[in-house]
Enquirer: 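Sharing a structure, written as structure tokens. Questions coming.
Atoms considered below: every heavy atom in the structure, side chains included; atoms not considered: hydrogens, waters and symmetry mates. One-based numbering, in listed order, for ligands and for the atoms of each.
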Amino acid sequence: MTNTTVDSRLFEPASLGALRLPNRLVMAPMTRNRASADGVPQPIMATYYAQRAAAGLIVAEASTPNAVGQTYPDITAIHTGAHVAGWRRVTDAVRAEGGRMFLQLQHGGRVGHPDNSGLTPVAPSPIPLPETVHTPTGPQDAVVPREMTLDEIRSTVADFAAAARNAVDAGFEGVEVHAANGYLLHQFLARGTNRRTDAYGGSVARRIRFTVEVVRAVADAIGPERVGVRIAPGLTVNGIDEGDTEEIYPALVAALADLGPAYLHVVFADPDQPLFQEIRKAWPGTLIANPVLGWGKPLPADGGRRQAERLLAAGADLISLGRPFLANPDLVERLRIGAPINQVRDHGLMYTGGSAGYTDYPTLAATAAVDHGQASESAAL
Ligand SMILES: Cc1cc2nc3c(=O)[nH]c(=O)nc-3n(C[C@H](O)[C@H](O)[C@H](O)COP(=O)(O)O)c2cc1C
């Protein structure tokens, strides 16, 4: 091992709202489907997140703010007392290890299925996801979602605000509103999924309105310094076709900036993209950038550190990493000393229950102890 400590801004403290972060590495939100069927976080989740408490900030996985927003089986939720109690176990465990957590709030919109939520999914327009949706009986064709009425839009905004209050009651420092990756807010932003002719569809100003209203309501509920927003400009995942990416995001970022949230979180951020640079210039607050590490490929041997440094140099304040944290509970230490990283062992274990591929990734210390034990055994032979 070439374990040399290399100076880097990644390991410098940073502030975020009222929080002091010990380093600039954020664990990106990752759905792991380890909740009960009705969305209650299970005790094993406390172990998983506490193992990763050295992150400057953990953004916990997408959690649904109401029943119809549920995407897949066994994902977490935050709209009942049982959800709050389940999450409280997790935040207590992370705090005991010295960590800090936000919770991501995600409404799936058309990315859902009656077999998962018991309800017909809702969306800006009745356009089905052009893919299958994972259900307890396997992948199934997506159903045609029901177009949201104006009353449903208002009540969904209120559900996000209530979910944010629940998250604070559950011990989170704040919430991240998920406006990325093809879920409900992204469906409103994108021309391909939003064919409305009322105040929430048509022009860019109207398509960003729902997201702005959600963020405003959440900020009013818990304070803007406790709110982040995740966006994915240009991402086509979940059948998204934004149409006018270059107009949507400058307008959205300007409108969000007026609300003063703690951070903006950009997915698959590329410092060479003019839109990334434009967003950086327009955003007055903390910018979290999630670098492109190569989807579907092995993780880079340096755990993403080179891309992280590039994004810091391009103006990002904090760097979020997903799979490197999934496979390396002690990722911060590994990056700090340039130690080798664990690869994701089995992609099939990402979204299944149980401890395999979840809480059993070894730390450097655990690997060293095993190596030492094996060395002692062979010495005794
Ligand atoms: C298992 C898994 C689950 C994910 N779940 C979420 C999620 O709940 N919310 C979200 O915004 N992104 C989710 N993502 C995307 C990650 O936050 C991140 O953007 C992506 O993994 C790219 O970062 P990486 O290359 O560092 O892994 C997920 C990714 C993985 C691998």
Enquirer: Hey, is W295 one of the residues with a heavy atom under 4.0 angstrom from ligand 1?
Expert: yes
Enquirer: May I ask you to identify the nearest protein heavy atom to atom 2 (C) of ligand 1, giving residue, atom name and distance to one decimal place in Å?
Expert: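 In this structure, atom 2 (C) of ligand 1 has Y351 OH, 3.4 Å as its nearest protein heavy atom.
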Enquirer: Are any of the N/O atoms on T31, whether in the backbone or the side chain, positioned under 3.5 angstrom from an N/O atom of ligand 1?
Expert: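 Yes; the residue has a nitrogen or oxygen that sits under 3.5 Å from a nitrogen or oxygen of the ligand.
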Enquirer: Any cation-pi pair here, R52 with F325, using under 6.0 Å and within 45°?
Expert: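 Not satisfied by the 6.0 Å and 45° rule.
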Enquirer: Can you check whether H178 has an N/O within less than 3.5 Å of an N/O in ligand 1?
Expert: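 Min N/O separation from ligand 1 is below 3.5 Å for H178.
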Enquirer: I need the nearest protein heavy-atom contact for atom 12 (N) of ligand 1: residue, atom name and distance, please.
Expert: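 Result for atom 12 (N) of ligand 1: R230 NH1, 2.9 Å.
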Enquirer: Heavy atom under 4.0 Å from ligand 1: found in V292's side chain, backbone, both, or neither?
Expert: neither
Enquirer: Establish, yes or no, whether the cationic atom of R345 lies under 6.0 Å from the six-membered ring centre of Y361 and within 45° of the ring axis.
Expert: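 Yes.
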Enquirer: Does the residue A180 have a heavy-atom contact with ligand 1, meaning some pair of atoms that are separated by less than 4.0 Å?
Expert: no
Enquirer: If I compare all heavy atoms of L312 with all of A316, which pair ends up nearest, and what's the gap?
Expert: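 So the two residues come closest at CD2-O, 3.3 Å.
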Enquirer: Name the option, out of A327, G322, G294, A308, that contains the heavy atom nearest to atom 26 (O) of ligand 1.
Expert: G322
Enquirer: Test your reading of the structure: does P29 have an N or O sitting under 3.5 Å from an N or O of ligand 1?
Expert: yes
Enquirer: Is there a polar contact between ligand 1 and F268, counting only N or O atoms under 3.5 Å apart?
Expert: no
Enquirer: Looking only at distances, please establish whether an N/O atom of ligand 1 is found under 3.5 Å from an N/O atom of S320.
Expert: no
Enquirer: N/O of E61 under 3.5 Å from N/O of ligand 1, yes or no?
Expert: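 The answer is no, given that E61 and ligand 1 share no N or O pair closer than 3.5 Å.
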Enquirer: Can you tell which of R24, R280, R9 makes a salt bridge (Lys or Arg N to Asp or Glu O under 4.0 Å) with D317?
Expert: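 When R24, R280, R9 are each tested with D317, the salt bridge (Lys or Arg N to Asp or Glu O under 4.0 Å) holds only for R280.
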